[in-house]
Amino acid sequence: MTRLIDGKAISAQIKEELKEQVEAMKADGQSVCLAVIQVGDDPASSIYVRNKKKACAYIGIQSLSYELKETTTQEELLELVEKLNQDENVHGILVQLPLPSHIDEDAIVKAIIPEKDVDGFHPESIGKMVIGEDGFESCTPAGVIQLLKRSGIEITGKECVVVGRSNNVGKPMGLLLLRENGTVTIAHSKTKNLKEVTKRADILIVAMGKPKYITSEYIKDGAVVIDVGMHRDSENKLCGDVDFEDVKDKVSAITPVPGGVGPMTIAMLMCNCVKAASK
Ligand code: NAP
């Protein structure tokens, strides 16, 4: 029987735990505040920002909203980040990506001080993840680990294959699986015989940005499949990088899209905000 890994339910559970934690912190006189910056009005970014602010409100985290014009210069954005870096009442800073093409994303990510880097994108956060020091983990891969753990799926000793090596998803995903004692392979667009590699996986994590690319031919019988991909298909319905209908009878457990990894990313962002304020 295939098990559906319910990201909506697991993220709701995490948010409940955080809500209690924030209430206790407030009773001790400690607030939690996230600054959310959006440049321009890209519709997808606006939805993500809205959902993040909604999650903050539910948990009891104060969110400060900065909606900047598309024409905002890099210097103006850096100035705002610097102001928020200095503001003791702000615990986390989130700059919604992507930024307009005239702004160097890398420069902005590096300008956020590591203590407030709740997205976990700063080189110091990544470095801490590599050497196993306590820091902020990238939200999507951290969410995948929580999905596996809270579903009772053992990672230790398992063949884990990650398809995708982006800085924000694939690479940190590989690192976190390694930390959990998985035997990790990271595949990418230059990997030869992808099917042979993915068929070795007990746990297959797909973050390649290619709608419904992974079919049953890529999967070992009984594998656990986590689909990070997020797209709209020809009928404007959300779908992932995995062809869910084609693989669902071959796997032992799988995340749906929507309702799998997506809600976990926001839950882990909330975890990082609470952690930032607790420090
Ligand atoms: P990305 O930066 O475009 O990276 C895609 C990766 O997939 C690259 O490393 C690329 O390899 C690899 N790849 C592409 N085609 C391949 C192929 N045919 N065979 C093997 N590898 C291939 O994407 P991303 O930011 O990591 O995001 C991946 C997906 O996850 C997207 O659909 C995105 O929308 C989704 N996402 C979802 C969430 C969420 O919260 N649910 C969060 C973040 C991202 P090369 O490095 O060799 O080019």
Side-chain angles (χ1 to χ4, degrees), residues 5-12 14-15 42-52 54-55 94-99 105-106 109 118-121 125-126 129 136-148 160-177 184-201 204-215 217-219 225-233 236-244 254-272:
I5 301 175
D6 187 346
K8 247 173 131 172
I10 295 173
S11 67
I14 292 172
K15 283 193 262 183
D42 171 64
S45 291
S46 299
I47 294 172
Y48 290 135
V49 164
R50 195 160 62 236
N51 288 339
K52 287 167 187 175
K54 220 166 107 185
L94 181 143
V95 180
Q96 184 64 42
L97 303 180
L99 290 167
E105 273 184 13
D106 207 36
V109 166
V118 284
D119 256 335
F121 293 162
S125 304
I126 307 280
M129 225 178 355
F136 295 112
E137 295 165 0
S138 316
C139 299
T140 302
V144 171
I145 296 292
Q146 283 299 314
L147 276 181
L148 293 169
C160 303
V161 175
V162 180
V163 187
R165 58 172 166 181
S166 68
N167 287 339
N168 296 347
V169 187
K171 281 183 204 161
M173 188 71 253
L175 286 169
L176 292 183
L177 288 164
V184 180
T185 304
I186 301 185
H188 45 79
S189 68
K190 305 291 186 293
T191 297
K192 293 203 175 99
N193 302 321
L194 182 65
K195 278 182 197 165
E196 277 173 32
V197 176
T198 54
K199 281 188 101 158
R200 291 205 306 261
L204 177 64
I205 318 270
V206 189
M208 60 196 300
K210 296 260 151 61
K212 299 187 186 177
Y213 190 96
I214 298 294
T215 56
E217 291 168 26
Y218 287 79
I219 287 167
V225 175
I226 306 288
D227 187 355
V228 181
M230 181 78 85
H231 316 273
R232 294 227 169 244
D233 68 11
N236 205 31
K237 281 195 354 214
L238 284 172
C239 70
D241 288 346
V242 177
D243 187 339
F244 185 90
I254 185 167
T255 53
V257 177
V261 175
M264 293 302 290
T265 300
I266 294 189
M268 299 323 286
L269 172 72
M270 298 296 111
C271 277
N272 280 348

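Atoms within each ligand, like the ligands themselves, are counted from 1 in listed order.
- Residues I126 and N167 come closest through the heavy atom pair CD1-O, 4.4 Å.
- From F244, atom CZ reaches atom CD1 of I254 across 5.0 Å, with rounding to the nearest 0.5 Å.
- Using 4.0 Å as the threshold, G262 has a heavy atom nearer than that to some atom of ligand 1.
- Of all atoms in ligand 1, listed by their number and element, those nearer than 4.0 Å to a heavy atom of T265 are 39 (C), 40 (O).
- Between the side chain of D243 and the backbone N or O of K212 there is no donor-acceptor pair closer than 3.5 Å.
- Distance from atom 18 (N) of ligand 1 to its nearest protein heavy atom, with residue and atom name: Y213 OH, 3.4 Å.
- In this structure, CG on L204 lies 11.0 Å from OH on Y218, to the nearest 0.5 angstrom.
- From the protein, the heavy atom lying nearest to atom 37 (C) of ligand 1 is V228 O, 3.1 Å.
- With hydrogens left out, the protein atom closest to atom 24 (P) of ligand 1 is S166 OG, 3.7 Å, a heavy atom.
- Side chain of D227 to backbone of I205: no donor-acceptor contact under 3.5 angstrom is found.
- Contact between Y213 and L194 at its shortest, heavy atoms only, is CE2-CD2, 4.2 Å.
- Set against the non-hydrogen atoms of G229, the atoms of ligand 1 under 4.0 Å away are 29 (C), 30 (O), 32 (O), 35 (C).
- For atom 8 (C) of ligand 1, the closest non-hydrogen atom of the protein is R165 N, 4.0 Å.
- G209 CA, 3.6 Å is the protein heavy atom nearest to atom 31 (C) of ligand 1.
- At a heavy-atom cutoff of 4.0 Å, ligand 1 is contacted by the side chain of H231 but not by its backbone.
- You'll find the side chain of S45 reaches within 4.5 Å of the side chain of P98, heavy atoms only.
- Note: I5 CD1 to I10 CD1 = 7.0 Å, rounded to the nearest 0.5 Å.
- For the ligand labelled ligand 1, residue L194 lies inside the 4.0 Å heavy-atom shell.
- Using modelled atom types, no side-chain atom of S125 and backbone atom of F121 make a donor-acceptor pair closer than 3.5 Å.
- Between M230 and ligand 1, an N or O atom pair is found at a separation short of 3.5 Å.
- For atom 5 (C) of ligand 1, the nearest protein heavy atom (residue, atom name, distance) is M208 O, 3.5 Å.
- Atom 20 (C) of ligand 1 has as its closest protein heavy atom H188 O, 3.1 Å.
- The minimum heavy-atom distance between G170 and V162, with the atom names listed, is O-CG1, 3.8 Å.
- The protein atom (non-hydrogen) at minimum distance from atom 22 (C) of ligand 1 is S189 N, 3.6 Å.
- For atom 3 (O) of ligand 1, the nearest protein heavy atom lies 4.0 Å away or farther.
- At least one heavy atom of A207 sits less than 4.0 Å from an atom of ligand 1.
- The structure places OG1 of T255 at 10.5 Å from CG of D6, a figure rounded to the nearest 0.5 Å.
- Within the 4.0 Å heavy-atom cutoff, T191 does not count among the residues contacting ligand 1.
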